Protein chains: 2
Amino acid sequence: MVTLVHNSIPRRIPCAKCPLANIQGFRKFTGEELEFVQSFKTGELSVEAGTTVLSEGSHSDHLYTVLSGWGFRHKILENGRRQILNFLLPGDLVGLQGSLQHEMGHSVEALSQMFLCVFERSRLWDLYRNFPGLAYDLTWLAAREERILDEHLLSIGQRTAEEGAAYLILFLFSRAERRGMANKSSMEIPLTQRHIADALGLSLVHTNRILNRLSRRKVINWQNHTLRIEHKKLVEIAGWVPDLDDDRPYI
Amino acid sequence: MVTLVHNSIPRRIPCAKCPLANIQGFRKFTGEELEFVQSFKTGELSVEAGTTVLSEGSHSDHLYTVLSGWGFRHKILENGRRQILNFLLPGDLVGLQGSLQHEMGHSVEALSQMFLCVFERSRLWDLYRNFPGLAYDLTWLAAREERILDEHLLSIGQRTAEEGAAYLILFLFSRAERRGMANKSSMEIPLTQRHIADALGLSLVHTNRILNRLSRRKVINWQNHTLRIEHKKLVEIAGWVPDLDDDRPYI
DNA sequence: CGGTTGCTTGAATATATTCAAAGTTAGTGG
DNA sequence: CCACTAACTTTGAATATATTCAAGCAACCG
């Protein structure tokens with residue numbers, strides 16, 4: 001299922017022409033950093049929707065940056081219940097945890113076709129020794145992920161099902177918007193209600209009823225794979241506080 | 001409420017005699033690192049139980065390492081509901097997130113008297129530039145926190161209340177044990193049921209019933225502030241998988 | 001003591017799950 | 001083009017899980 005890039009995107013994008021560089025709000029590399037990152041990068045990976053990119057408990061020699069497409073991180077209990085931990089969008093780093101520790105603590109699955117940049121774990125130490133700016137970025141990315149997880153924990157633990165759903169939708173929307181994958185009120189979204197349920201820790205049936213309630217009240221409109229939102233209403237329901245970030249780095 | 005150290009621990013512990021260094025499983029510094037950390041450290045802080053050490057939304061010029069005592073990180077919704085995100089024990093880093101980003105995304109409160117090492121945020125960049133090993137450690141610590149949060153998310157989202165409680169108790173126990181603050185089956189624990197409830201995202205009443213059920217079945221015994229556990233039974237209920245860590249760093 | 005904090009219990013209610021079944025949609029192959 | 005399948009969504013009904021409200025109890029502290 002895992003295949004090398006062959007068609008729509010050239011086999012090897014030079015980092016100088018990284019498509020992520022054009023996204024507003026993403027940090028720019030210095031010349032030396034760019035040169036290093038180019039050598040750190042050993043290839044590209046293309047996976048189809050539904051593919052498992054990394055498995056919990058495995059040990060990977062690579063880490064990745066999402067170039068395009070959607071994915072998610074998750075963990076599964078022995079009884080089969082699945083918790084979606086976070087969603088992955090372009091610019092997100094994949095597998096850092098597994099690179100620092102023995103094994104991956106979670107699995108990663110593609111929600112749409114994804115293109116990923118492949119980096120060599122073995123050269124991570126070079127990065128730390130010679131590129132403190134990039135090292136700082138890695139910590140920054142880990143700290144931001146921590147912040148997102150904090151917020152999700154707050155959502156699942158303390159918000160009502162409806163508030164949590166509203167929050168999650170706004171979260172996905174704002175992340176997509178920043179990457180130019182959504183406009184003010186509508187976006188293409190490759191999730192099913194099952195994913196929402198597993199991210200919120202709710203049953204599929206209950207999630208369906210909550211989403212329908214929001215639809216009937218014209219807060220959202222989710223059809224085919226496009227989601228339209230009434231931003232103002234959602235913000236009110238979710239108690240959303242926008243997060244003003246620094247220029248965000250990627251590698 | 002925040003006071004400088006004055007009595008039981010001397011005003012300034014030299015890093016060479018850091019009490020954390022004696023804890024088994026904690027990483028040792030090289031000579032140069034030690035020298036830097038000593039200069040990075042600008043003081044110590046002692047706080048009483050109940051003190052808020054850092055507040056969500058604030059901007060702190062310091063970061064901290066817990067030298068002794070218990071604390072917790074949390075976030076609060078406008079309606080007053082509180083989610084405990086994680087607990088803090090000796091060796092844990094406090095406020096890294098706030099040092100990398102504009103503001104703290106969560107608050108930190110002491111559960112017992114705590115002693116903390118105080119570091120200067122402004123010198124963080126020196127650390128990255130000159131001590132790649134320490135920089136790596138910071139990323140490692142952030143990645144480990146991420147892993148813990150992943151697990152908590154799994155717990156709250158997918159485990160039953162009883163499984164979640166069992167998991168949380170084992171989690172606290174294993175962390176305390178590694179620091180020599182617990183023996184095989186019993187420990188001093190400064191939490192109330194309110195803290196357990198807020199960490200699990202359950203109401204106080206329900207948490208009480210769940211804990212009593214575990215008590216009646218002789219799985220746990222929690223009286224005064226000491227907790228005794230039947231390790232084997234808890235592991236079975238929680239579906240606990242021990243995490244074999246590297247030597248863990250601290251700063 | 002009196003006041004506060006934390007634990008416990010019952011009863012009523014609300015929220016969410018499970019089970020079961022049917023409706024919808026998109027894709028596949030004859 | 002239709003029949004068929006698979007994946008996803010929707011609904012109802014029964015049940016389980018968890019919350020809220022209210023009250024009482026115990027321990028501790030000044």
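This structure is a prediction, so every number in the text was calculated from the model and none was measured.
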* To do: Report the residue (Asn224(A) or Thr160(A)) whose heavy-atom-nearest nucleotide on DNA chain C is the more 5′ of the two.
  => Thr160(A)

Kindly list each side-chain donor-acceptor pair under 3.5 angstrom involving residues 220-232 of chain A, sequence neighbours excluded, with atom names and distances?
from: His225(A); atom 1: ND1; to: Ile189(A); atom 2: O; distance (Å): 3.4

* To do: Select base, sugar-phosphate, or nothing to describe what Leu204(B) touches, counting heavy atoms under 4.0 Å on all strands.
  => nothing

* Asked: How close or far is atom P of dG6(C) from atom CG of Asp198(B), stated in whole angstroms?
  -> 12 Å

* Asked: Between atom CG in Asn208(A) and atom P in dA21(C), what is the gap in whole Å?
  -> 18 Å

* **Reference residue Gln158(A); test side chain to side chain donor-acceptor pair (under 3.5 Å); the match among Lys75(B), Gln83(B), Arg82(B)** => Gln83(B)

* What residues form a salt bridge (Lys or Arg N to Asp or Glu O under 4.0 Å) with Asp150(B), not counting sequence neighbours? -> Arg73(A)

* To do: Return the 5'-most residue of the pair Arg194(A), Arg209(A) with respect to DNA chain D, ranking by each residue's nearest nucleotide.
  => Arg194(A)

* Distance in angstrom units between His225(B) NE2 and dG6(C) C1', rounded -> 9 Å

* Between His195(B) and Thr207(A), who's closer to the 5' end of DNA chain C by nearest nucleotide? -> His195(B)

* Nucleotide range of DNA chain D lying under 4.0 Å from chain A heavy atoms -> dC8(D) to dA13(D)

* To do: Could you tell me whether the phosphate oxygens of dT8(C), OP1 or OP2, come under 4.0 Å of any side-chain nitrogen or oxygen in Gln193(B)?
  => yes

* To do: Decide salt bridge (Lys or Arg N to Asp or Glu O under 4.0 Å) for Glu151(B) and Arg159(B); before the verdict, give the C-alpha distance in whole Å, the side-chain angles of both, and the deciding distance to 0.1 Å.
  => CA-CA 11 Å; Glu151(B) 193 68 58; Arg159(B) 286 192 236 257; 2.7 Å; yes

* Does the ring center of Phe87(B) lie less than 6.0 Å from the ring center of His195(B)? -> no

* To do: List the steps and the verdict of salt bridge (Lys or Arg N to Asp or Glu O under 4.0 Å) for Glu163(A) and Arg81(B).
  => CA-CA 13 Å; Glu163(A) 291 166 354; Arg81(B) 299 197 66 171; over 6 Å; no

